[in-house]
Protein chains: 2
Amino acid sequence: MKEDRQRAVLTLVATRPVHSQEELVALLQRQGFDVTQATVSRDIKELGLAKVPIRENGGDIFKYVVPSAAVNYVSRLHRAVAELVSSVEGSVNMIVLRTPPGSAMLVASAIDEAGWPEVLGTMGGDDTVLTVVRSPEEMPVIKQRFLDLKGSTAA
Amino acid sequence: MKEDRQRAVLTLVATRPVHSQEELVALLQRQGFDVTQATVSRDIKELGLAKVPIRENGGDIFKYVVPSAAVNYVSRLHRAVAELVSSVEGSVNMIVLRTPPGSAMLVASAIDEAGWPEVLGTMGGDDTVLTVVRSPEEMPVIKQRFLDLKGSTAA
DNA sequence: GCGGTGTATGCATAAATATACCTACCATGA
DNA sequence: TCATGGTAGGTATATTTATGCATACACCGC
């Protein structure tokens with residue numbers, strides 16, 4: 001019952017723009033699911049559906065979409081840096097992160113996956129990660145971003 | 001000013017979980033941006049930030065994230081099917097879509113990108129797209145999904 | 001300088017969404 | 001059978017988010 005309904009929700013949002021939970025309620029009722037907005041709100045949370053602004057015709061509106069890998073990338077990076085990085089140093093257009101032995105590759109791949117546009121590339125050795133930033137001017141910004149990531153658990 | 005603030009918003013949500021717009025207001029004010037929730041709401045819309053439910057510790061909560069490629073996949077497929085597909089026919093475990101000459105490959109690649117699990121693969125010729133569904137039972141479901149996509153602009 | 005046009009943003013509030021609380025409905029085991 | 005615990009979901013409401021309207025400011029052409 002609940003499972004069927006949630007499958008229907010996934011199909012609906014995958015096949016047309018659904019702009020609000022009330023709209024989803026109406027679509028579900030047309031399929032025989034007799035539910036209220038409260039239940040849909042819970043379904044959305046359980047399914048992990050995201051509400052995103054999109055351009056449609058002229059204006060900006062919202063729609064619900066299935067969750068993306070990008071979400072996980074961000075939190076993977078967050079965890080990796082917060083748990084593994086012990087120091088962050090910058091020089092010219094590079095940033096050097098220190099990790100416990102053996103973890104550097106893991107951190108480097110998380111950084112790569114995050115796909116920050118200011119970062120040209122990242123290499124992981126054994127206990128050292130080297131991140132190359134596009135320009136020296138941007139280096140401090142990215143360095144600070146690593147420090148934020150590192151600190152946001154402790155803080 | 002606005003641009004700086006929006007850059008700050010991106011950095012904030014990229015580096016820590018931000019659970020509500022009010023929280024973002026507080027974080028921005030700590031950095032000297034004196035704004036209200038209304039402005040943040042508009043920034044979020046302009047930046048395309050998505051609000052997604054995530055698991056954190058025990059409970060489920062929400063956070064804002066940068067938009068993902070997955071979102072674009074869905075709307076690319078939506079546009080492609082709505083604008084280009086003229087007919088949808090199914091047979092056993094296959095669905096045949098007709099398009100204007102030369103557009104079939106475009107539609108096929110959008111379907112592939114969408115990564116529907118029921119679809120084994122898709123080929124695009126000149127004006128014909130062939131989609132192979134995992135089983136004959138699922139074919140009508142997928143066919144309907146295409147019809148929904150096709151209709152959701154006109155409807 | 002002055003009216004006109006466009007953009008940014010606050011304020012107040014509407015609209016949308018989440019949730020505390022309650023009830024109903026199993027399933028299980030004493 | 002009854003008590004207990006766990007899940008689903010509605011109702012009412014709190015919380016959060018979006019937006020209509022008004023203002024302020026900058027940039028133009030006259």
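In this text, all values refer to a predicted model and were calculated from it rather than measured experimentally.
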Restricting both atoms to N or O, compile the protein contacts to nucleotides 9-15 of chain C shorter than 3.5 Å, with distance only.
unit_1	atom_1	unit_2	atom_2	d
dT9(C)	OP1	R5(B)	NH1	2.7
dT9(C)	OP2	R5(B)	NH1	3.3
dT9(C)	OP2	R5(B)	NH2	2.8
dG10(C)	OP1	D34(B)	O	3.1
dG10(C)	OP2	T36(B)	N	3.3
dG10(C)	OP2	T36(B)	OG1	2.8
dG10(C)	OP2	T39(B)	OG1	2.3
dG10(C)	N7	R42(B)	NH1	3.3
dG10(C)	O6	R42(B)	NH2	2.8

List, with names and distances, any nitrogen or oxygen atoms from the protein found under 3.5 Å away from nitrogen or oxygen atoms belonging to nucleotides 25-27 of chain D.
none

> Which pair of heavy atoms, one from T128(A) and one from V96(A), lies closest together, and at what distance?
Replying inline: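 In this case the closest contact between T128(A) and V96(A) is CG2-CG1, 3.6 Å.
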
>> Testing the basics here: between T131(A) and F146(A), what is the closest heavy-atom pair and its distance to 0.1 Å?
In response: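 Heavy atoms of T131(A) and F146(A) come nearest at OG1-CZ, 4.1 Å.
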
Which whole-number value in Å describes the distance from [X] [atom1] to [N] [atom2]?
X      : N       : atom1 : atom2 : value
K51(A) : dT17(D) : NZ    : C1'   : 6 Å
E3(A)  : dT7(D)  : CD    : P     : 15 Å
E46(A) : dA8(D)  : CD    : C1'   : 10 Å
I44(A) : dT16(D) : CD1   : P     : 18 Å
L47(B) : dA8(C)  : CG    : P     : 12 Å

>> Restricting to salt bridge (charged side-chain N to carboxylate O under 4.0 Å, His left out), what partner residues turn up for D126(B), sequence neighbours left out?
In response: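 None.
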
> So, is K45(A) close to the dT19(C) phosphate, meaning a side-chain N or O under 4.0 Å from OP1 or OP2?
Replying inline: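 Affirmative; the distance criterion is met.
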
> Hey, does the side chain of S41(B) come within less than 4.0 Å of dT17(D)'s phosphate (OP1/OP2), counting only N and O?
Replying inline: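 Result: no.
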
>> Under 4.0 Å, heavy atom to any atom of DNA chain D: which of residues 20-33 of chain A qualify?
In response: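 None - not one residue of the stretch has a heavy atom sitting under 4.0 Å from the strand.
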
> Listed by chain and number, what are the side chain to side chain donor-acceptor pair (under 3.5 Å) partners of E89(B), not counting sequence neighbours?
Replying inline: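 Partners of E89(B) under the side chain to side chain donor-acceptor pair (under 3.5 Å) test: none.
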
> Which residues satisfy the side chain to side chain donor-acceptor pair (under 3.5 Å) test with E23(B), sequence neighbours excluded?
Replying inline: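 Applying side chain to side chain donor-acceptor pair (under 3.5 Å) to E23(B) gives H19(B).
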
>> Strictly distance-based, threshold 3.5 Å: is any side-chain N or O of S86(B) a donor or acceptor partner for the main-chain N or O of R98(B)?
In response: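 The answer is yes, because a donor-acceptor pair under 3.5 Å joins these two groups.
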
